[in-house]
Amino acid sequence: MPAQTLVLDETLAKEISNAVCNAMKKTFAVDVVAGPYEIGEGIVSLVGDVSGVIALVQDQLEATMTLCLTNETVKELLPQIVGNSIMITHEMAVDAVGEMTNMIFGQVKHDMSERGYALKIGIPCVVTGKGHFVSQFHRGKYMLVPFNLDGQLFQIYVALSHYADRENLARKRA
């Protein structure tokens, strides 16, 4: 039986929300609240200070998943595991976001794979810089899932690119 194809829908939004909430609770002993997800089309620029980006691949699909946080959010989370007496350095924040990205999207991959989605994920990379923009060159549909941690907003962004969509777009341009 062929694997199910990943789509941007309520099921994926729930998987992402569950993975984020569980990772934050288990790792940092904090409760986060998922906001309503949004599905849109076109280019999106995420604004944050630290972002974890990971690739996801399926037979006829490529995706990019991004966890975008502010420095304030990271600084609120890290003392939960390193203690309040440790000064949070830039390197610690980068490492933490890389690990969070791996944990969250690894859990999404695991849960989706158990339901028949044959997914592979890459190694996360982390982008930093005060107020940096993460611009995806993907021109198709995306999903944005916001989260709230004691008034701090952070987001998960998923961009999907189906091979058939790219082929159709190339034909239209020709």
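By convention here, the first residue in the shown sequence is residue 1.
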Looking only at heavy atoms, which two atoms of [X] and [Y] are closest? And how far apart?
X	Y	answer
Ile54	Phe105	CG2-CD1, 3.3 Å
Cys68	Ser51	SG-OG, 3.2 Å
Met143	Tyr37	CE-CD1, 4.1 Å

What pairs with Leu153 under side-chain contact (heavy atoms from CB on, under 4.5 Å), at least two apart in sequence or on another chain?
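Result, side-chain contact (heavy atoms from CB on, under 4.5 Å) vs Leu153: Pro146.
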So [Y] and [X], do their side chains get closer than 4.5 Å, heavy atoms only?
X	Y	answer
Phe154	Leu149	yes
Val97	Leu69	yes
Val32	Val20	yes
Leu77	Met100	yes
Phe147	Met24	no

Under 3.5 Å donor-acceptor, [X] side chain and [Y] backbone:
X	Y	result
Asp49	Asn71	yes
Asn18	Cys21	no
Ser17	Ala13	yes

How long is the span from the [atom1] atom in [X] to the [atom2] atom in [Y], to the nearest 0.5 Å?
X	Y	atom1	atom2	result
Gln155	Ile16	CD	CD1	12.5 Å
Met112	Thr11	CE	OG1	6.5 Å
Ile156	Leu67	CD1	CG	4.5 Å
Glu76	Leu78	CD	CG	10.5 Å
Ile104	Met65	CD1	CE	11.0 Å
Leu56	Gln58	CG	CD	7.5 Å

Grouping I, L, V, M, F, W and Y whenever their side-chain heavy atoms are under 4.5 Å apart, do Val30 and Val145 come out in a common cluster?
yes
Out of curiosity, does Leu8 fall in the hydrophobic cluster containing Ile121 (side-chain heavy atoms, cut-off under 4.5 Å, transitive links)?
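Yes, Ile121 and Leu8 fall within the same hydrophobic cluster.
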Derivation and outcome, side chain to side chain contact (heavy atoms under 4.5 Å, CB included), residues Thr64 and Val158:
CA-CA 6 Å; Thr64 304; Val158 182; over 6 Å; no
Before giving the answer on side chain to side chain contact (heavy atoms under 4.5 Å, CB included), spell out for Val57 and Leu119 the whole-Å C-alpha distance, their side-chain angles and the decisive distance to 0.1 Å.
CA-CA 6 Å; Val57 180; Leu119 304 172; over 6 Å; no
Would Glu38 and Lys141 pass as an ion pair if we require N to O under 4.0 Å?
no
Restricting to pairs with a member in residues 97-107, which pass side-chain hydrogen bond (donor to acceptor under 3.5 Å, both in side chains), not counting sequence neighbours?
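Listed by first then second residue: Gln107-Asp111.
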